[in-house]
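The structure appears below as C-alpha cells.
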Amino acid sequence: MIPKIGITEKHLQKNNSFLSVILSDEMTLYIKTRKFHWNVAGESFMELHKLFESQYTELEAIIDTVAERIGKLGGKTIGTMSEFSLLSRIVEHPNKYPVQKAMLSELLSDHEILITELRKDTDFFSDENYDAGTADLLTEILQQHETIAWILRRYLS
C-alpha cells in the first residue's frame, strides 16, 4: 500500500532508491569497521578493539533507522551483500589487513566521504523530493558521522 503522507508516488520511489544507496554505504562501513575490530593488533589493541566495537554498534543503529525509513515510505528494504556492494559509495579492500594507523585513516576517510555525500543527499531530499522527514533523519546521521570522524581524527593527530 502506498503511504498517503504528502509525498507523490514518484518521489516516494526516488526516495526509497536513494535511501537504498545510503543503506548500502552504512552497511559497507559497518562491515569494514567490524573487520578492523576483529583484526586490530599491536600496542593499543584493546583500546582500538573497543573503539571499533562502539562505532560498529552505532552504525548498526543507523542501518536499522535507514531500513525502517524505507519501510515507512512504502518501500522494500534490500538485504543482500551483492545488493549492498552494487550500490555502496564506500570502497572495500578485500584481502587487505592494514596496521592500526592505516585502519584509522581508512575509516576516517570513509566517514568523511559519507559526511560529504549525506550533505548532498539532505539537499536532494528536502529541495528536490519534498521529504523533510528524511532530510531531518539524514542530518542526524551526518552529525553522528561527524562525531565519529572527529574521534578518529584525534587518534591521527
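Worth knowing before you read on, the calculation uses all heavy atoms, side chains too, and leaves out hydrogens, waters and symmetry mates.
Hydrophobic clustering (side-chain heavy atoms under 4.5 Å, transitive across Ile, Leu, Val, Met, Phe, Trp, Tyr) keeps Y30 apart from L86. Residues L23 and V91 are members of separate hydrophobic clusters, defined by side-chain heavy-atom contacts under 4.5 angstrom among Ile, Leu, Val, Met, Phe, Trp and Tyr. Under the 4.5 Å side-chain heavy-atom criterion for ILVMFWY residues, a single connected hydrophobic cluster contains both I115 and W150. Linking Ile, Leu, Val, Met, Phe, Trp and Tyr whenever their side-chain heavy atoms come within less than 4.5 Å puts L19 and M81 in one cluster.
Panel note: side chain D25, backbone R89; a donor-acceptor pair is recorded below 3.5 Å. Formation of a donor-acceptor pair under 3.5 Å by the E128 side chain with backbone atoms of D123 is not found in this model. In this structure, the side chain of E68 does not engage the main chain of T65 through any donor-acceptor pair within 3.5 Å. Between the side chain of T77 and the backbone N or O of A67 there is at least one donor-acceptor pair closer than 3.5 Å. Under the 3.5 Å distance criterion, the side-chain polar atoms of S109 are left unmatched by any main-chain donor or acceptor of S105. Proximity of a side-chain donor or acceptor of S44 to a complementary backbone N or O of E47 within less than 3.5 Å is not detected. Between the side chain of E58 and the backbone N or O of S54 there is no donor-acceptor pair closer than 3.5 Å. The backbone N or O of F125 lies less than 3.5 Å from no partner atom in the side chain of D131, so there is not a single donor-acceptor pair. With hydrogens and angles disregarded, no donor-acceptor distance shorter than 3.5 Å links the side chain of S88 to the backbone of F84.
Taking the ring centre of Y97 as origin, the terminal cationic atom of K35 falls inside the region bounded by 6.0 Å and 45° from the ring axis.
Nearest heavy atoms, L12 versus P3: CD1-O, 3.8 Å. Taking all atoms of both residues into account, the shortest heavy-atom contact from S24 to I78 is OG-CD1, 3.5 Å. Closest non-hydrogen pair, H37 versus V40, comes out as O-CG1, 3.8 Å. Nearest heavy atom pair, residue T33 against residue F52, reads CG2-O, 3.5 Å. Between A135 and T122, the shortest heavy-atom distance links the atoms O-CG2, 3.6 Å.
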Can you check side chain to side chain contact (heavy atoms under 4.5 Å, CB included) on F36 and L104, steps first, answer last?
CA-CA 9 Å; F36 290 170; L104 293 164; over 6 Å; no
I would like to know whether L87 and I22 meet side chain to side chain contact (heavy atoms under 4.5 Å, CB included); could you show each step before the answer?
CA-CA 8 Å; L87 297 176; I22 294 166; over 6 Å; no
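Distance check, rounded to the nearest 0.5 Å: CZ of F18 to CG of N15 gives 9.5 Å. Atoms CG and CG, from L142 and L114 in turn, are 9.5 Å apart once rounded to the nearest 0.5 Å. Distance check, rounded to the nearest 0.5 Å: CG of D110 to CD1 of I148 gives 11.5 Å. In this structure, S17 OG and L73 CG are separated by 11.0 Å, a value rounded to the nearest 0.5 Å. I62 contributes atom CD1, which lies 12.5 Å from atom CE of M27 (distance to the nearest 0.5 angstrom). Here the straight-line distance linking atom CD1 of I7 with atom CD of Q13 works out to 12.5 Å at 0.5 Å rounding.
Residues D64 and R69 are not paired through a salt bridge, judged by the lack of any N-O separation under 4.0 Å between the basic side chain and the carboxylate. The residues R153 and E146 are annotated as not salt-bridged, no charged nitrogen and carboxylate oxygen being separated by less than 4.0 angstrom. A salt bridge links E117 and K120; the closest N-O separation between the charged side-chain nitrogens and carboxylate oxygens is under 4.0 Å.
Between K32 and the options E26, E92, E106, a salt bridge (Lys or Arg N to Asp or Glu O under 4.0 Å) holds for only E106.
At a threshold of 4.5 Å between non-hydrogen side-chain atoms, the residues Q100 and L48 count as touching. Side-chain contact check for N129 versus T134: every heavy-atom pair is 4.5 Å or farther apart. By the 4.5 Å heavy-atom criterion applied to side chains, K72 and I5 are not counted as neighbours.
Between H111 and H145, the ring-plane angle classifies as tilted under the 30° and 60° cut-offs.
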